[in-house]
Visitor: 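Take this structure first; my questions come after.
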Amino acid sequence: MQFGLGCRWKSELWAGLLTVGFSITLLGCHGKKPTEVAAGEHVDSAQSPAVRAAQASAVIAAVCARQSYATASVGLIAGETGLREDVFELRDPVSYKVIPYRLGATVRLEGLLRQGAEAAGRPAAEATCLRQFADHFKKLTDPLVEAARDEKEIDSSAFNSAEREAQQELEMDEQELKQR
């Protein structure tokens with residue numbers, strides 16, 4: 001009595017296992033390509049800074065209605081990198097998902113929070129909380145905005161000086177050609 005598989009069966013088994021392995025590797029475990037996104041999911045990076053800032057403003061206003069700035073900021077602000085790409089990270093109070101905010105979205109958020117704080121009928125404690133969030137974000141964004149402004153000025157001055165040098169070289173070349 002033989003307890004092993006025949007030679008033919010072994011080769012077919014190996015061929016089948018290799019085929020399954022390659023298909024899982026190529027298609028993934030769920031049979032969809034890596035770039036596909038399920039119908040209910042959304043891609044956060046596709047949101048515009050205005051939409052992202054409006055959503056964050058609504059979340060912060062809702063939390064400020066229930067808590068002080070000291071408590072709300074600890075619960076909502078997940079991190080502060082202080083870089084243009086990710087100025088800070090806000091934690092969603094429902095899903096606890098951490099959402100990074102770039103410089104543009106943070107500056108817009110600051111403005112929306114200031115507008116919300118000045119809205120008529122808003123309780124004083126809630127308005128104070130919104131202003132404190134706006135002031136905090138202003139402290140994060142001001143150095144970055146200033147650095148971007150300086151960088152733009154340096155780039156434009158370097159371009160202008162390079163343009164002047166090129167113009168002078170052209171004039172010198174034209175004078176040399178006229179002298180010949």
Side-chain angles (χ1 to χ4, degrees), residues 28-167:
C29 293
H30 301 288
K32 62 182 178 181
K33 295 179 184 171
T35 57
E36 292 178 1
V37 177
E41 296 179 48
H42 66 281
V43 179
D44 288 335
S45 63
Q47 289 181 339
S48 72
V51 170
R52 191 171 274 202
Q55 290 173 344
S57 176
V59 166
I60 291 172
V63 172
C64 279
R66 300 184 316 263
Q67 300 173 354
S68 69
Y69 168 75
T71 307
S73 65
V74 170
L76 290 177
I77 297 175
E80 297 173 350
T81 59
L83 303 173
R84 262 187 273 177
E85 295 81 17
D86 292 328
V87 177
F88 79 103
E89 296 170 333
L90 188 73
R91 184 177 294 112
D92 185 303
V94 176
S95 67
Y96 299 109
K97 179 180 177 186
V98 175
I99 304 166
Y101 283 78
R102 298 178 71 111
L103 181 59
T106 306
V107 170
R108 287 176 192 254
L109 174 58
E110 177 192 336
L112 290 174
L113 291 173
R114 290 197 191 285
Q115 288 176 353
E118 302 304 320
R122 187 165 308 268
E126 186 178 340
T128 301
C129 178
L130 292 175
R131 272 191 222 96
Q132 288 175 322
F133 266 105
D135 291 342
H136 181 74
F137 293 143
K138 184 171 178 58
K139 287 178 188 175
L140 292 174
T141 60
D142 277 355
L144 299 173
V145 169
E146 188 64 32
R149 189 175 299 126
D150 291 345
E151 185 177 307
K152 186 177 180 181
E153 288 175 13
I154 289 170
D155 288 346
S156 66
S157 67
F159 176 77
N160 291 338
S161 65
E163 187 178 23
R164 272 186 258 122
E165 288 176 14
Q167 185 65 34

Visitor: Check whether any side-chain heavy atom of F137 sits under 4.5 Å from a side-chain heavy atom of I60, and report yes or no.
Guide: yes
Visitor: Can you tell if the side chain of K138 reaches within under 4.5 Å of the side chain of R114, non-hydrogen atoms only?
Guide: yes
Visitor: Indicate the atoms forming the closest heavy-atom contact of A53 with A105, along with that distance.
Guide: CB-O, 3.5 Å
Visitor: Can you confirm whether I77 sits close enough to H136 that some side-chain heavy atom of one is under 4.5 Å from a side-chain heavy atom of the other?
Guide: yes
Visitor: Would you be so kind as to tabulate the donor-acceptor pairs closer than 3.5 Å made by side chains of residues 119-131, with sequence neighbours excluded?
Guide:
from, atom 1, to, atom 2, distance (Å)
R122, NE, G116, O, 2.5
R122, NH1, E126, OE2, 2.4
R122, NH2, G116, O, 3.4
T128, OG1, A124, O, 2.8
R131, NE, E118, OE2, 3.3

Visitor: Measuring from atom CZ of F88 to atom CG of L103, what distance do you get when rounded to the nearest 0.5 angstrom?
Guide: 11.0 Å
Visitor: G104 and P49: which non-hydrogen atoms are nearest, and at how many Å?
Guide: C-CB, 4.2 Å
Visitor: Using 0.5 Å steps for rounding, measure from the CG atom of L144 to the CG atom of D142.
Guide: 9.0 Å
Visitor: Enumerate donor-acceptor pairs with a distance under 3.5 Å from any side-chain N or O in residues 106-113 to protein atoms, sequence neighbours excluded.
Guide:
from, atom 1, to, atom 2, distance (Å)
T106, OG1, R102, O, 2.8
E110, OE1, T141, OG1, 3.4

Visitor: Closest heavy-atom contact between R91 and A78?
Guide: NH2-CB, 3.6 Å
Visitor: Tell me every residue that passes side-chain hydrogen bond (donor to acceptor under 3.5 Å, both in side chains) with R66, counting only those two or more places apart in sequence or in another chain.
Guide: none
Visitor: Please find the pair of heavy atoms, one from A56 and one from Y101, that lie closest to each other, and give the distance.
Guide: CB-OH, 3.3 Å
